[in-house]
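All values reported here derive from a predicted model rather than from experimental measurement.
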Amino acid sequence: MTSDLLIKTLEQAEAAVKSRKHREAIQFYTELLEQTSIGSGDQIIQEARWIALRERGRIFTLLGEPVAALAAFEQYFAEAGKSRHAVDALVAIGNQCAYMNLTDRAIEAHRDALRLAENLNYPAGKAMAFSGMGLVYSYLDRSADALNYLRKSLPLLEQVGDENEQARCWNRIGVAHVHLGELDKAIEAFQSAYRIANESDQFEPVALETAIISLNNLGECYQILFDMEQALQYHRQGLVAAEGMELPYLEADLLRNLGFELSLVGQVEEGLNYLQRSLQLSIETNQPDIEVQALYSLALVHLRQDDLVEAERYAQNLRDLSDRNSNQGSLAEALHVLGLLKKEKGDDLAAQGIWQEASFLAHETGRRMLLWRLHAALAGIAANPQLASVHNRIAAEIIQQIARPIEDVELRKRFLAARPVRDVINKLASGDWGA
């Protein structure tokens, strides 16, 4: 393949990506790889192969084909030697392994990337490795560690002027704050991510992808704060954009959020349809992090509909998947639902034991939004008024810790006025500790 043909093929692939014809782009990149040789000694050919391998991996990730993506990134690394491309390849491998719940391998890849970036004096690579470590620790529910790495990454990304990675890093910072229940900081981070992504090239797929992720995350924050109108607005906007881009991994999460929100506002049948589509898509595209969230939402919705059989089935599936993946945060959510089921069946003693285990896990993983609910639930079944008082007071203190920093006065009021929150605060004020 001549240099002119190489350049033309890369341009055709890039044009296909911008037109959202991802399969067509993969064909162009594959054609380039098949018609060039490894180690030819021609720098133009080698650079073209590196681009093709990197982009094939990225597109396979977008299309929900993680095994193919990881294989492309591994080949990219194998051909990159000790160059800066090797750092980029290791970061891609680490991120992909994180998405696939291969956390030990993900940490190893990012640490290797960090060491090589330091040896090569490659600040952009160092920044991406730090950001990747933040991603992994966020998946492990070690949010404080995640923030530590992400805060190291951000100034380096600003220094090298990489807006796409800055936006991605802000999104990851926001997720860590959500896990810690710091929703005001999360909203600010997601708004920063959206602003940076939206101000960059509107036709750049990576920027648009990051903007959609930001919309999804902002919607989740408002969902947590019980502002369903705002949440639905963000998620509907995000879903329209994601469907147009053929991004199944994003579509799965947006469907899950929309399904849960629609169920909460009374559109249960439509909501369950969205949730089922989300679960199926997350399984088809091997996304365990979305799968566990879809299972939790489905269990809660069926429980609210008094369909205890289906609720228990989804909750047990969630527990099994969480155990297999050592996901302690999701295990706490599974136990939350299983405790609710025991309470519905009149077995308060069993519910108490389950919720105590769940509250320990929620505390260990920093999930304050779940933790206050668990203490409120324990207050409702406590054997004596004194114990009920302790649990309700803890729940109220966590709620205030979440609400106090929210600068948007109306949003804070709306959160505190939501019925589950108001019930806890009213009990604290009235001293009503009846089980």
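Applying the side chain to side chain contact (heavy atoms under 4.5 Å, CB included) test between S138 and each of V175, D289, I173 identifies V175 as the sole match.
Side chains of I93 and Y76 form no contact here, defined as non-hydrogen atoms less than 4.5 Å apart. Contact annotation: the side chain of H110 never approaches that of L90 to less than 4.5 Å [non-hydrogen atoms, C-beta and beyond]. L411 places none of its side-chain heavy atoms less than 4.5 Å from the side chain of L183. Looking at I51 and L32, their side chains never come closer than 4.5 Å, going by heavy atoms from C-beta outward. Between C221 and F190, the closest side-chain pair of non-hydrogen atoms falls below 4.5 Å. A heavy-atom distance below 4.5 Å is found between the side chains of P420 and W372. Considering only heavy atoms from C-beta on, I59 comes within 4.5 Å of Y29 through its side chain. Within the 4.5 Å cutoff, the side chain of D162 has no heavy atoms near those of the L156 side chain.
For Q75 and E79, the side-chain atoms include at least one donor-acceptor pair closer than 3.5 Å. Looking only at atom types and distance, the side chain of Y122 has a donor-acceptor partner in the side chain of D88 under 3.5 Å away. No hydrogens or angles considered: a donor-acceptor pair under 3.5 Å links the side chains of E284 and Q280. Counted by atom type alone, Q316 and D320 present one or more donor-acceptor pairs between their side chains at under 3.5 Å.
With sequence neighbours excluded, no residue forms a side chain to side chain donor-acceptor pair (under 3.5 Å) with S83.
Sorted by first and then second residue, the ring-ring contact (aromatic ring centres under 6.0 Å, His included) pairs with a member in residues 309-338 read H302-Y314; sequence neighbours excluded. Each side chain to side chain donor-acceptor pair (under 3.5 Å) pair with one or both residues in residues 183-193, not counting sequence neighbours, would appear here, but there are none.
Nearest heavy-atom pair across V136 and A98 is CG2-CB, 3.9 Å. Contact record, G259 with Y274: CA-CB, 3.5 Å, taken as the closest heavy-atom pair. Scanning all heavy atoms of the two residues, the minimum distance from E261 to A231 falls at OE2-CB, 3.5 Å.
Environment of CZ in F226: crowded, with over 12 heavy atoms of neighbouring residues, nucleotides or ligands closer than 6.0 Å. Annotation: D104, atom CG; neighbour count of heavy atoms from other residues, nucleotides and ligands within 6.0 Å does not exceed 12. The number of heavy-atom neighbours closer than 6.0 Å to CD1 of I44, taken from other residues, nucleotides and ligands shown, is 12 or below. Around NZ of K343, the count of heavy atoms belonging to other residues, nucleotides or ligands within 6.0 Å does not exceed 12.
Salt bridge E165/R168: present, at least one basic N to carboxylate O contact under 4.0 Å. For the pair R256 and E220, the salt-bridge criterion is met [side-chain N within less than 4.0 Å of a carboxylate O]. A salt bridge is defined here as a Lys NZ or Arg NE, NH1 or NH2 lying under 4.0 Å from an Asp or Glu carboxylate O, and E65 with R23 meets this definition. Classification of K8 and E11 as a salt-bridged pair fails, no side-chain N sitting under 4.0 Å from a carboxylate O.
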Show your reasoning for whether side-chain contact (heavy atoms from CB on, under 4.5 Å) applies to Y139 and N101. CA-CA 8 Å; Y139 280 157; N101 208 49; 5.7 Å; no
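Ring pair Y234/Y222 is parallel by interplanar angle, where below 30° counts as parallel and above 60° as perpendicular.
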